[in-house]
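Residue indices begin at 1 and follow the sequence shown.
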Amino acid sequence: MRYDLIIFDNDGVLVDSEPISNTLLAGYLTELGHPTTYEESVRDYMGSAMHRIHEMVEERSGKKLPEDFDDVFHARVFAGFEAELEAVPGAGEVLKGLAAAGVPYCVASSGSHERIRVGHRKTGLDVHFGDETVFSAEDVGRGKPWPDLFLHAAERMGVAPERCLVIEDSGPGVQAALAAGMDVYGFTAMTPEAKLAGAKGFFGQMDELPAILGM
């Protein structure tokens, strides 16, 4: 294997959370006077850190989101996760295989640490991640599409950026990985290849990843 670290995005890659969170985000923004469809939420906000959502709404409308926006949104998301969140098919098996093969991996997500942990507990993926392998946009000043989060994860894991492979399903995530000097594969279960431009390759089912890695 040519990589010393596999860095997974979380939402849409390990946990099938994007349909839930984007439905809720579109609904909440619409409630607040920023009409947004599910498709627009996926197109504009999927893969972005919360601060980027605030910035984009203000750029477009000239109005700031409420100060409690993040807290209210996360409460709705967590309730949605508890009701219906599942792991991406094959994600647990891939993580188990990496561990068995001695291949280091971690997760680097635009979501908060609490969001990551709630999702992992609900889907049973928490058994695959210790605190030392979970990284959030909360840990750095800027989230994706900036490279800070991926560079932080690589540094904490003790691996040079050029020896890392990122698994991403969003345009901002691919941009962040490329800016960090890392190879990236686009996960196309929910995102068309055209929106993941720059990725080294693409795959649509998680059980395809071991072959890509030469396992």
Side-chain angles (χ1 to χ4, degrees), residues 5-25 28 41 45-56 65-88 91-92 94-96 98-99 104-159 161 164 166-170 172-177 179-180 182 184 187:
L5 176 66
I6 312 301
I7 304 178
F8 290 92
D9 176 44
N10 190 54
D11 293 295
V13 172
L14 296 177
V15 296
D16 192 18
S17 55
E18 294 294 7
I20 299 170
S21 59
N22 281 284
T23 296
L24 294 170
L25 178 59
Y28 189 26
S41 180
Y45 304 122
M46 188 171 125
S48 297
M50 289 300 295
H51 69 80
R52 184 60 182 148
I53 297 173
H54 284 261
E55 292 164 1
M56 292 179 71
L65 291 171
E67 289 187 5
D68 65 349
F69 178 85
D70 291 12
D71 291 338
V72 172
F73 175 60
H74 283 139
R76 295 185 183 188
V77 167
F78 296 161
F81 283 4
E82 290 295 341
E84 55 185 309
L85 184 64
E86 297 181 354
V88 167
V94 166
L95 296 172
K96 190 181 301 182
L98 290 173
Y105 63 85
C106 66
V107 61
S109 171
S110 293
S112 66
H113 277 283
E114 185 179 10
R115 174 176 171 142
I116 297 167
R117 285 307 192 190
V118 167
H120 285 187
R121 283 197 300 269
K122 178 63 170 62
T123 59
L125 295 182
D126 55 330
V127 299
H128 300 289
F129 292 98
D131 290 342
E132 72 281 0
T133 59
V134 176
F135 304 100
S136 160
E138 290 181 324
D139 302 331
V140 294
R142 303 179 300 181
K144 306 167 189 177
W146 290 276
D148 306 37
L149 175 56
F150 288 137
L151 292 173
H152 171 69
E155 181 181 13
R156 290 289 298 273
M157 296 294 291
V159 178
C164 297
V166 175
I167 309 300
E168 265 289 354
D169 73 332
S170 75
V174 170
Q175 294 172 39
M182 300 176 180
V184 54
F187 186 52

Would you call [X] and [Y] a side-chain contact if the rule is heavy atoms closer than 4.5 Å?
X	Y	value
E82	V118	yes
Q175	W146	no
F150	C164	no
V107	H120	yes
V15	N10	yes
R52	K144	no
F81	I20	yes
F129	I116	no

Within a radius of less than 6.0 Å around CD of E55, do more than 12 heavy atoms belonging to other residues, nucleotides or ligands occur?
yes

What are the two closest non-hydrogen atoms of [X] and [Y], and how far apart are they?
X	Y	value
S110	L149	N-CD2, 4.4 Å
A153	I7	CB-CD1, 4.5 Å
A180	P147	N-CB, 3.6 Å
L24	R76	CD1-O, 3.4 Å
D169	G12	OD2-CA, 3.4 Å
A177	V184	CB-CB, 3.8 Å

Can you tell me if S136 uses its side chain to pair, donor with acceptor, with the backbone of G111 under 3.5 Å?
yes

Hey, does the side chain of H152 reach the backbone of D148 with a donor-acceptor pair shorter than 3.5 angstrom?
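Not at all, since once roles are kept as given, no pair shorter than 3.5 Å links the two residues.
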
In Å, rounded to the nearest 0.5 Å, how long is the span from [atom1] of [X] to [atom2] of [Y]?
X	Y	atom1	atom2	answer
S109	E138	OG	CD	9.5 Å
M50	L65	CE	CG	8.0 Å
I53	D70	CD1	CG	8.0 Å
I6	Y105	CD1	OH	11.5 Å
E18	D9	CD	CG	7.5 Å
L14	I167	CG	CD1	9.5 Å

Can you tell whether the side chains of [X] and [Y] come within less than 4.0 Å, N to carboxylate O?
X	Y	answer
E86	K122	no
R121	D126	no
R115	D11	yes
D131	R117	yes

Worked verdict on E114 versus H74 for side chain to side chain contact (heavy atoms under 4.5 Å, CB included):
CA-CA 9 Å; E114 185 179 10; H74 283 139; 5.9 Å; no

Is the F69 ring parallel, tilted or perpendicular to the H54 ring (thresholds 30°, 60°)?
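Perpendicular: the ring planes of F69 and H54 meet at over 60°.
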
Parallel, tilted or perpendicular: rings of F73 and Y28 (30°, 60°):
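Because their plane-to-plane angle is under 30°, the rings of Y28 and F73 count as parallel.
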
T133 vs F8, side chain to side chain contact (heavy atoms under 4.5 Å, CB included): CA-CA, chis, key distance, verdict
CA-CA 10 Å; T133 59; F8 290 92; over 6 Å; no

Decide whether S41 and N22 meet the rule of one side-chain donor and one side-chain acceptor closer than 3.5 Å.
yes

